[in-house]
Novice: 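Below you'll find the structure I mean.
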Amino acid sequence: MASAAAKQAPKNASKTTTGATGAAGVSGGPPIMPLASPLMGKKKKPFLGMPAPLGYVPGLGRGATGFTTRSDIGPARDANDPVDDRHAPPGKRTVGDQMKKNQDDDDEDLNDTNYDEFNGYAGSLFSSGPYEKDDEEADAIYAALDKRMDERRKERRELREKEEIEKYRMERPKIQQQFSDLKRKLAEVSEEEWLSIPEVGDARNKRQRNPRYEKLTPVPDSFFSKHLQSGENHTTVDPLQGLGGLNTPYPGSMTPGLMTPGTGELDMRKIGQARNTLMDMRLSQVSDSVSGQTVVDPKGYLTDLNSMIPTHGGDISDIKKARLLLKSVRETNPHHPPAWIASARLEEVTGKLQVARNLIMKGTEMCPKSEDVWLEAARLQPGDTAKAVVAQAVRHLPQSVRIYIRAAELETDIRAKKRVLRKALENVSKSVRLWKTAVELEEPEDARIMLSRAVECCPTSVELWLALARLETYENARRVLNKARENIPTDRHIWITAAKLEEANGNTQMVDKIIDRAITSLRANGVEINREQWIQDAEECDKAGSVATCQAVIRAVIGIGIEEEDRKHTWMEDADSCVAHGALECARAIYAHALQVFPSKKSVWLRAAYFEKNHGTRESLEALLQRAVAHCPKAEVLWLMGAKSKWLADDVPAARSILALAFQANPNSEEIWLAAVKLESENNEYERARRLLAKARSSAPTARVFMKSVKLEWVLGNIEAAQELCTEALKHYEDFPKLWMMRGQIEEQCESMDKAREAYNQGLKKCPHSVPLWLLLSHLEESVGQLTRARAILEKARLKNPQSPELWLESVRLEFRAGLKNIANTLMAKALQECPNSGLLLLLWIGPSYSKIHSAVFLEGRPQRKTKSVDALKKCEHDPHVLLAVAKLFWSERKITKAREWFLRTVKIEPDLGDAWALFYKFELQHGTEEQQEEVRKRCENAEPRHGELWCAESKHVLNWQKKTGEILAQVASKIKNTF
C-alpha cells in the first residue's frame, strides 16, 4: 500500500504542477511532504522544505510543462459579451474590444518606415518582455553611473561649451558687425542715388501712414522788426498790415545787439552770426567725447570717412581675425621674428603705417639678432629714421652682409655708399657679394686695386678672378688666370677665359692647346666632363664673338659620352639645337667635325649644304659643295646645288662647267641632263637645249626627257614638232599619263576638241588611275556644254578611283557651276562620308574655295562656318588646307591678327603649297605693310612652291614658263577675287 502510494505521487505532482505545488510555493504555505518510502532513511536534501525560487516551473527541465484547465482561467466568454466594468468608456465595453486593445499594445511596430540604420527601430525590441527586478536593478546601476560620469565631466563640458559659443560668435558675428564695412560705403552714395532708392511697401492703415503733424510756418523778418519796434506782445498777425509799412518804433525800446543804436533798422548780419554760433555750439556738443578728443570733424567728417575705407580690398572681419591670430602668436612666442614681420605687413596693407612701424620696432627689441626683422624695420621707416635703424642693426649684427647692403642702398651719395661698403669690408672681408658691390662703384683703376685685394680675401671666387683678369693687361691677365687655376683647379670657366684671352690677342694656335689641357686637368682633379654644359659654354663664346674658342670647345667635347652607332644622329641633333639657339659657328663646327668622321655620308653633306644655304654665304656654300662632290661624286643633288648656286650668281659658264663635271661622274643621269637643259633654256639658249635633249633622248631615253622635249617645242611655238615628239614618246611610254595630258592640251589649244577628246580617252584606257586625266576630260566636256557627259565621266572616274577627294571636289563644283546647289550639298555629304579626313573637301565644306574660274563657292552660311571649322580641325589638325580655310574664315571676319597667325602656321606646315602663299600675299596686300609684303614674297621665293590648284594653273601655263616664283606669286594673287 505504501509502495503504491509512492508510485502514484509523481503523477499527482506532475498533474497539479500549476495547481497545488505552484500554489504552495507562491503562497508560502507549508509544503506538501512526500509519503513514507524506503528512501526516507537516507540523508535529507537541503532544498526540501524551502520555498520555490522565483519563476520556477516544476518538471520544466525534463519536458513536463503541465497543462491548464478551464478552472484555471475561468469560464469561456464570447467577444460580444459585456465586460465586468459597467462604467467602461466606449470602445472598451465588450470582451472583444479589450482583447483587441491588449493585442495592439503587445504588438511591436516593425514596419520599415519605423526603422533607422543607426538606432534601429523606434521602440524597444524587448518592450513586450517582462520587466523584472534584475532589469530594474540594472537600470538603477546604469543611471547612477551616468550621473557619476556627468558630474566628473561637468566642468570640462561647460568650459568646452563656453569656448564653442565664443568661437561661434566670432565666426558668425552680429548683423551690426557684418554690415560695418557697408556703412562706410554709404559715404560714396550721392544725393541722386539716395533719392532714387525705391520706397518699400507700408502695411499700415491710412491714419498711421499719414499722421497729422504740427505744421510750422517760418515767420518773416518783418514780423520781428515790427514787434521789436512797438514793444508789444502779439500772438497773431494783423492781416490788414502789409509787409511794406512798418510803424515808427518807440524810442528806447530797441534791443541792443539786434538793431543799430539810434536807428530803427534791423541788423540782419548779427542774426546770421547768431545762427552760426548756435550751430557751432550744437556741433561742439556732438563732437566732444569723454576723453576730450574730437570724434567728429564738423567741417570734413565725410572726407575723413572716405579716407578710413581700407585699400587692401579684403574683408574687415578677415583682417580682424588675422590681427587677433598674429597677436596671439606674438604673445605666445615673442622671440619669433616672422610673427612681428607678418603683423607689421598686415598693418601696412590695411593703411596703418605708423602702427606697422611701432610693431616692427618692438620686434627689433624682442628679436635683436634677426636680420629679417631689422631689414623690415628699415624698409618701413622713412629715410633718416631708416638709416638710424640700420646703424642700430649693425651694432647688433656686425657680420650681416644684407644689412650692410641695405645701408649702402639707403645712401644717395656715391661717396657715402663707398664709405659704408668699405666699412663693411673691414668687418666682413670674406663676403663675395660685398666685394662685387663695392667694385661696381669704383673706377677701373680703383676697381683693379680692390679686386687684387678681393682675390686675396676670397681666393675661391671664380667671378672675382675673372673680373680681375678682364681689367689687367695681357701679361698680368695670364698670371692672374694661372693663380686662379692654382686656387680653383676644378672650374672650367677659368680655362675657357684663358682661351678667349689668347684668341683676343691673336694667339689662336694656343686655343686648342688650352682647351685640351683643360679637359685633361679637370679629369685629373676628379671633375666629370658634362658635355651639355661645355656646349652651352661654346654657345656663349659664339655669341661673345670668340669663334676659335667655341670651335675648339666643340671639337674637344663633341664625342664625349656618345656611343659609336649614335654619333651621327646625336651630332645632327646638336647642330639643329645650336641653330635654334642662334649659335651658328657652333653648328658649323659640329658639321665640320661630323664631315671629318663621315666623309662619304651623303646625308651629312646635304645637311651641311642646306645649313650654309640658309645661314652662310654663297662662297661658303660653293666651297662646301666642291668638297662634297669630291667625296660623293655620285650624289647628283650636290652637283645640281652647286650648278644652281653659280647660276643664281649669274655665273652661267661656271654652272656649265659644274654640270660638265657632273656628266663625267654620272654619264646617264636624267637629273643632270634636265638641269643642263633648264640652264640653257632659262638663258635663252634654245638651240643648245634642243641639242642636249636630242643627246639625252639617244643616250638616256626616259619619259621625263621626252616630256621636257615636247614642252620645249610647245612653249617655243613649234606645235607640229611638239606633236611629232609626243607621238614618238607615246610609242615608247604609253603608260606615262603626262604625255597624254600634253597631247590633249595641245589639241585643245589648236581648238581640235574631237582630237583632244580622243587623246584623253586613249590615255584613260592606258592610265585609268590618273586623276588629272579624268579632270581634263571632264573640263573639256563642260567647256563644250556637255554637262551630262561631264557628270557621267566624273562618276565613272570615282568608280575607277575610289576615295579620291579631287574627283569628289570637282563633282561638287560642277553642280555648283550648273546652279544645282541641292545636288552639290548631297554630293558633299557623300564625299565627306567616303573621304572624312580630306583637307580639300573640308576646305570647301568650311567656307570659300576657289574654282578654275576663281569664283568663290560657299557651302555653309556664315553662322555655321565656325562650328564646321572646329569639327574640321578635330579631324585634320595638321592638314594645310584646313588651316588655310580657318585663316580665310578669320580674314572674312576681319580678325586680321588671327588670320595672319593661321596663314603663318599654314605655310610653315606645308611650304610647297603655292595657293597658301598666294592667299597670304593677297592678305598682306590688303592689310599688311610693305615690309610684311616683301617678307612673304622672299619666303615664297626661298620655298619655291610647286603644288596648289591655282598655283599650277599659272605656273604650268605655256605663256608663263619663263617667269620666276615672285612673278607667279603676284600673278596668282591678282587673280584671286576676294568675295568676303
Novice: Please check if the side chain of D542 supplies one atom and the backbone of A538 the other of a donor-acceptor pair under 3.5 Å.
Specialist: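 The answer is no, because no donor-acceptor pair under 3.5 Å joins these two groups.
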Novice: Can you name the salt bridge (charged side-chain N to carboxylate O under 4.0 Å, His left out) partners of E670, sequence neighbours left out?
Specialist: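 E670: salt bridge (charged side-chain N to carboxylate O under 4.0 Å, His left out) contacts with R704.
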Novice: Look only at the side chain of D566 and the backbone of I562, and say whether a donor-acceptor pair between them is shorter than 3.5 Å.
Specialist: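 No; judged by distance alone, with no hydrogens or angles, the pair does not exist.
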Novice: Side chains of E748 and Y760 only: does a donor on one sit below 3.5 Å from an acceptor on the other?
Specialist: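 There is such a pair (donor and acceptor under 3.5 Å, judged by atom type) between the side chains of E748 and Y760.
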Novice: Do W808 and Q803 have side-chain heavy atoms sitting under 4.5 Å apart?
Specialist: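 Side chain of W808 against side chain of Q803, heavy atoms only: no contact under 4.5 Å found.
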Novice: Flag the pair E924 and R939 as a salt bridge only when some basic side-chain nitrogen lies within less than 4.0 angstrom of an acidic carboxylate oxygen.
Specialist: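 No, E924 and R939 are not salt-bridged.
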Novice: May I ask you to decide if L780's main-chain N or O and S783's side chain share a donor-acceptor pair within less than 3.5 Å?
Specialist: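 Here the side-chain-to-backbone pair exists.
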Novice: Is any side-chain heavy atom of E810 closer than 4.5 Å to one of H779?
Specialist: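 Contact flag for H779/E810 side chains = yes.
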Novice: Using a 4.5 Å cut-off on heavy atoms from C-beta on, say whether the side chain of R743 contacts that of L739.
Specialist: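 In short, these two side chains do not touch, never coming nearer than 4.5 Å.
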Novice: Quick one: does W639's side chain have a donor or acceptor within less than 3.5 Å of a partner on P633's backbone?
Specialist: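 Checking the backbone N and O of P633 against the side chain of W639, a donor-acceptor pair under 3.5 Å is found.
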Novice: Are the side chain of D912 and the backbone of R946 linked by a donor-acceptor contact shorter than 3.5 Å?
Specialist: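 It does hold such a pair.
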Novice: I'd like to know if K963 and E954 make a salt bridge, using a cut-off of under 4.0 Å between side-chain N and carboxylate O.
Specialist: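 No, this pair does not count.
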Novice: Indicate yes or no: at least one non-hydrogen side-chain atom of M572 is less than 4.5 angstrom from one of S603.
Specialist: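 Sidechains of S603 and M572: no contact.
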Novice: Quick one: ring-ring contact (aromatic ring centres under 6.0 Å, His included) pairs with a partner in residues 932-960, sequence neighbours left out?
Specialist: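 Passing the test, one end in residues 932-960: no pairs.
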Novice: I'd like to check W534 versus I496 (side-chain heavy atoms, cut-off strictly below 4.5 Å). Are they in contact?
Specialist: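 W534 vs I496: side chains touch.
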Novice: Do side-chain atoms of S657 reach the backbone of A654 as a donor and acceptor pair under 3.5 angstrom?
Specialist: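 Looks like yes, one N/O pair under 3.5 Å.
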Novice: Nearest heavy-atom pair of A655 and L679: which atoms, and what distance?
Specialist: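 Nearest heavy atoms, A655 then L679: CB-CD2, 3.9 Å.
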Novice: Given side-chain hydrogen bond (donor to acceptor under 3.5 Å, both in side chains), test Q745 with W714 step by step and report yes or no.
Specialist: CA-CA 10 Å; Q745 288 174 336; W714 183 17; over 6 Å; no
Novice: For F920, run the ring pair (Phe, Tyr, Trp, His ring centres under 6.0 Å) check against F903, W902, W891 and tell me which one passes.
Specialist: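 That would be F903; it is the only one of F903, W902, W891 passing the ring pair (Phe, Tyr, Trp, His ring centres under 6.0 Å) with F920.
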Novice: Do R690 and E687 sit within salt-bridge range, that is, some charged N less than 4.0 Å from a carboxylate O?
Specialist: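 Judged by the 4.0 Å cut-off on N to carboxylate O distance, R690 and E687 do form a salt bridge.
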Novice: Between E941 and R937, is the closest basic N to carboxylate O distance under 4.0 Å?
Specialist: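 Salt bridge between R937 and E941, a charged N being under 4.0 Å from a carboxylate O: yes.
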Novice: Are any side-chain N or O atoms of E713 and backbone N or O atoms of A721, one a donor and one an acceptor, separated by less than 3.5 Å?
Specialist: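 Not a single qualifying donor-acceptor pair exists.
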Novice: Would you check if W673 and N666 make a side-chain contact, meaning some heavy-atom pair closer than 4.5 Å?
Specialist: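 Counting from C-beta outward, W673 and N666 never come under 4.5 Å.
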Novice: State whether the side chain of W571 and the backbone N or O of I558 hold a donor-acceptor pair below 3.5 Å, judged by distance alone.
Specialist: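 It does hold such a pair.
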Novice: Using only atom types and a distance under 3.5 Å, with no angle test, would you say the side chain of S577 pairs donor to acceptor with the backbone of E573?
Specialist: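 Judged by distance alone, no pair lies under 3.5 Å.
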Novice: Consider side-chain contact (heavy atoms from CB on, under 4.5 Å). Of L606, L638, V637, which one does C632 pass it with?
Specialist: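 Answer to the side-chain contact (heavy atoms from CB on, under 4.5 Å) test with C632 among L606, L638, V637: L638.
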Novice: Determine whether K975 and L950 make a side-chain contact, defined as any pair of heavy atoms from C-beta on separated by less than 4.5 Å.
Specialist: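 Side chain of K975 against side chain of L950, heavy atoms only: no contact under 4.5 Å found.
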Novice: Tell me if a side-chain donor or acceptor on D915 pairs with a main-chain N or O of E949 at a distance below 3.5 Å.
Specialist: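 It does hold such a pair.
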Novice: With a 4.5 Å cut-off on side-chain heavy atoms, are R531 and T570 touching?
Specialist: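 Yes. Closest side-chain heavy atoms under 4.5 Å.
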Novice: If the threshold is 4.0 Å, N to carboxylate O, is there a salt bridge linking K602 and E636?
Specialist: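 No, this pair does not count.
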Novice: Can you tell me which residue pairs pass the side chain to side chain donor-acceptor pair (under 3.5 Å) test with a partner in residues 585-598, sequence neighbours excluded?
Specialist: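 Every pair satisfying side chain to side chain donor-acceptor pair (under 3.5 Å) with a residue in residues 585-598: Q551-E585, E585-R588, R588-E612.
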